[in-house]
2 protein chains.
Amino acid sequence: MRRFLMDVDDETLQHIPKYLRIQQELLHYIRSNEWGPGAKIPSEAELCDQYQVSRGTIRRALDELERQGLINRSPGKPTVVNTPKIPLLSSGFRTDIARKGMKPGTKVLRIHVVKVPPDIAPLLMVSENTQLLLIERVISADDIPIIIESAHVARLVDTITAEEVESTSLLELIPAKCHVNLARAVESYEPIALTKAQAQLLACRAGNLGIKDQAVLYDGENRPVYVSTAIVRGDKARIVTETSFHVHA
Amino acid sequence: MRRFLMDVDDETLQHIPKYLRIQQELLHYIRSNEWGPGAKIPSEAELCDQYQVSRGTIRRALDELERQGLINRSPGKPTVVNTPKIPLLSSGFRTDIARKGMKPGTKVLRIHVVKVPPDIAPLLMVSENTQLLLIERVISADDIPIIIESAHVARLVDTITAEEVESTSLLELIPAKCHVNLARAVESYEPIALTKAQAQLLACRAGNLGIKDQAVLYDGENRPVYVSTAIVRGDKARIVTETSFHVHA
DNA sequence: AAGTGGTCTAGACCACTAT
DNA sequence: TAGTGGTCTAGACCACTTA
C-alpha cells in the first residue's frame, strides 16, 4: 500500500488548496519513478478514500497532470503514467526529421485549393480572395502521431501528389515545384491547448499542451514561398533548434 | 443584452458537452471582437442564468479560456478580456530584444553560487558536485513581466554584478567575463503550464500556458559555456526565430 | 454590505471497458 | 455486470474587491 505524504499534514503553514497539494504529491510519485511509465495509478474512487476528499477535488488534481502530458486517461480504463518526450529537430530541417532511431511516417490528409485564410494572407503578401494550394498531413514517429502540418503555398502548383508529399520533405518539394530556392525562414512558437479536432488527429486528448509552430519560408529575393503551420504534441515531443553565431569582426 | 447562440440548440447533431459549447461560444465573442480587449464579460452568476447551467459548468468553460490567455480572472474583480500577444525575438539575439517600441526592463532576482542541478550537469558536461554561478532575473516589456530567465554558467566567475546583468545582454556579458566567443546555440522549446511560483514572478496565474525555452551556448571549440532556461508567458508573448539557409552548391 | 471569483462537497447519471 | 472515467448539479463557505 502507498503511504501518502498528505498524512503528514503540518497544518502550520499557509493555506494551499487541497487539489494542489494532491497534484504535487502525485507528481512526486511520477517524477521519482515510484510510478514508472505505463504504471496504473489508483482509481479516482481509491484516491478519494486515501485523501478523504470528494471526487471533484481528485479530478482537478489529475486534470493538470493530464494537460502536462504526464498521465493518460480514457473512459472505462485505468489511468496510466505516460512515457517521456522525444526531442524533435526543427528549423533548418524541420518536420520529417523524426529520426532518433525512430520510424518516421507521413499521412496526407488533404491536398486541395482553398481561398487564403485571413491570418495567412498578410504573411504571404497576397490579397484576400487569392486561391492557394493547401497541403495537410500528419507526421508520426514509431506510428505515434506527433505533428499536424498545414502548408499554404503562395504560388499555385497543380502537380503535387500525395505520394510526393509522403516521400519528400516540403522543404525540398515545394521549392522544386515552384522553381525557386529557399533562403530564409521566420518561425514563431506559442503554447496552445489542443482543440478536440487537433487531439483527434494526434490520438490524444483535447486540452493537452502543444506548440503551434508557424514558419514563413522566403526565396532569395525575399518573397514568401509558403507558410507552414505545425501543431506539435507537447506530451510526446519538444522542439529543438540550432543556431550558429556570426563572428563580429 | 447579448443573444446567445446556445438558444439555437438544434439538438440534432452529436453530443457535445455543455461546457465545450459554452466555451466555443464565448470564444466566438472574443475572436469576433464583440468583446474587445479590456471588456468585462458577464459574471459567472449571470452566465449561469443565461445558459441555464450550474456554476461548475460555467467555470469549466472559463478555465480553458483563461489557460489560453484569452481572459484574466482574479478574485473579487470581474473577469476581463486580455490584450493580444507581443512577438518576442529569440535565438541569435534572445532576451533583451523586447523592443517593438516597448520599454524593456530587467529585474535581477539572485546572483549566487549553487551546486549544479542534476538536469543541467550533463548539458554543461560537468560532474555532479560542481559549484556554478547562477543568475536569475525577470525580463519585462512596458513593465509587464514576460520572461523568467535562469542562467547557469559553466566557468566560475566572481565579478558579475546585478548592475551589469541589468544593463547588458547575457549573450555579451558572459562571454566577456569568461574570455570566450560564443559560436553555437542549441535551444529546445516545450509547452508548460505555469507553476504557482512562476506565475507569481510573472504576475499572472498558475496553470496558464507558457513555453520553456532551454538554450545551451557553446564556444568556438564546442565547449558549453552556459545554459539559459527561460520561462516565457504564453498569454503575452510568442517566440520568433529567424533562420538562413545555406546554399547547396 | 453586496458582489465577485476560488474551493469543495455529496450526490447523480452516462458511456465505455473489462470480465 | 461491475468498475472506470466524463459530465453535471445545487448547494456551501471563503477571501477578496468595490462602493
Side-chain angles (χ1 to χ4, degrees), chain A residues 6 9 11 13-24 26 38-67 70-82 193-194 196 199-200 203-208, chain B residues 6 9 11 13-24 26 38-67 70-82 193-194 196 199-200 203-208:
Chain A
M6 283 289 287
D9 190 352
E11 206 70 88
L13 285 176
Q14 334 104 295
H15 207 39
I16 296 177
K18 292 184 187 176
Y19 76 92
L20 255 186
R21 289 162 149 264
I22 295 173
Q23 179 191 314
Q24 283 163 6
L26 299 180
K40 284 180 203 153
I41 76 170
S43 76
E44 294 177 357
E46 283 168 337
L47 290 172
C48 290
D49 281 354
Q50 286 166 325
Y51 286 106
Q52 286 299 300
V53 294
S54 72
R55 197 169 152 225
T57 303
I58 290 296
R59 283 188 59 77
R60 189 158 176 190
L62 293 176
D63 284 346
E64 186 61 27
L65 298 177
E66 181 184 22
R67 267 187 288 111
L70 291 164
I71 58 175
N72 289 329
R73 294 200 283 189
S74 41
K77 292 195 284 190
T79 296
V80 297
V81 176
N82 205 346
L194 297 178
K196 201 169 175 181
Q200 205 155 16
C204 61
R205 293 158 62 95
N208 279 12
Chain B
M6 283 289 286
D9 193 349
E11 206 71 89
L13 285 176
Q14 334 104 296
H15 195 81
I16 295 178
K18 292 184 186 176
Y19 76 92
L20 254 186
R21 289 162 149 264
I22 295 173
Q23 179 191 312
Q24 282 164 5
L26 299 179
K40 283 182 204 155
I41 75 170
S43 75
E44 294 178 357
E46 283 168 336
L47 290 171
C48 290
D49 281 355
Q50 286 167 323
Y51 287 105
Q52 285 299 300
V53 296
S54 72
R55 197 169 154 225
T57 303
I58 290 294
R59 284 188 59 76
R60 189 158 176 189
L62 294 176
D63 284 346
E64 186 61 27
L65 298 177
E66 182 184 22
R67 266 186 291 111
L70 291 164
I71 58 175
N72 289 330
R73 294 200 283 189
S74 42
K77 292 195 285 191
T79 296
V80 298
V81 176
N82 206 347
L194 297 179
K196 200 169 175 181
Q200 205 155 15
C204 62
R205 294 158 62 94
N208 278 13

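None of the values given here were measured: they were computed from a predicted structure. Residue numbers start from 1 in every chain, and the chains themselves are labelled A, B, ... in the order their sequence lines are given, proteins ahead of strands.
B/L47 has its CG atom 13 Å from the P atom of C/dG6, to the nearest Å. At whole-Å resolution of the value, CD1 in A/I58 and P in D/dG6 are 14 Å apart. When the P atom of C/dC16 is taken as reference, atom NZ of A/K77 falls 13 Å away, rounded to whole Å. Atom CG of A/N72 and atom C1' of D/dG6 are 16 Å apart (whole Å). Here the C1' atom of nucleotide D/dT17 and the CD atom of B/E44 are 15 Å apart, to the nearest Å. Between A/I22 atom CD1 and C/dC8 atom P the separation is 8 Å, expressed in whole Å. When the P atom of D/dG6 is taken as reference, atom NZ of B/K18 falls 19 Å away, rounded to whole Å. Protein atom CZ of A/R205 is 8 Å distant from nucleotide atom C1' of D/dG5, rounded to whole Å.
A search for side-chain contact (heavy atoms from CB on, under 4.5 Å) contacts involving B/A206 returns B/K196, B/A199, not counting sequence neighbours. For A/A45, the side-chain contact (heavy atoms from CB on, under 4.5 Å) partners two or more places apart in sequence, or in a different chain, are A/S43. By the side chain to side chain donor-acceptor pair (under 3.5 Å) test, B/Q23 pairs with no residue at all, sequence neighbours left out. Applying the side-chain contact (heavy atoms from CB on, under 4.5 Å) rule to A/T79 yields the partners A/I41, A/I71, A/R73; only residues at least two apart in sequence or on another chain are considered. With sequence neighbours excluded, the residues that form a side-chain contact (heavy atoms from CB on, under 4.5 Å) with A/S74 are A/K77, A/R205.
For the helix from C/dA1-D/dT18 to C/dA18-D/dT1, the angle separating the two terminal helix axes comes to 0°, with each axis derived from five pairs and the value rounded to 10°.
In this model, the phosphate group of C/dC8 is not approached by any side-chain N or O of A/Y19 to a distance below 4.0 Å at OP1 or OP2. Applying the 4.0 Å criterion to OP1 and OP2 of D/dT4, one finds that A/S43 has a side-chain N or O inside that range. Using a 4.0 Å cut-off, no side-chain N or O of B/T79 falls inside it from OP1 or OP2 of C/dT4. The phosphate of D/dG5 (OP1 or OP2) has no side-chain N or O of A/R59 nearer than 4.0 angstrom. The shortest distance between the side-chain N/O atoms of A/T57 and the OP1/OP2 oxygens of C/dT9 is below 4.0 Å.
Comparing B/Q52 and B/P75 against DNA chain D, the residue whose closest nucleotide sits nearer the 5' end is B/Q52.
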List every contact pair, protein side and nucleotides 12-14 of chain D side both N or O, where the distance is under 3.5 Å.
| residue | atom | partner | partner atom | Å |
| --- | --- | --- | --- | --- |
| D/dA12 | N6 | B/R55 | NH1 | 3.3 |

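Residue A/I22 comes nearest to A/A61 through the heavy atom pair CG2-CB, 3.9 Å, listed as atom of the first residue, atom of the second, then distance. Between B/N208 and B/E66, the closest heavy-atom pair is OD1-O, 3.6 Å. Here the closest non-hydrogen pair linking B/P42 and B/L47 is O-CD1, 3.7 Å.
In this structure, the separation between OG1 on B/T57 and CZ on B/R21 is 13.0 Å, given to the nearest 0.5 Å. Taken to the nearest 0.5 Å, the CG atom of A/D49 stands 12.5 Å off from the CD atom of A/E44.
Side-chain proximity of B/R60 to D/dT7, C/dC16, C/dT9: nearest is D/dT7. For A/P17, counting side-chain heavy atoms from C-beta on, the closest listed nucleotide (C/dC8, C/dG5, D/dT9) is C/dC8.
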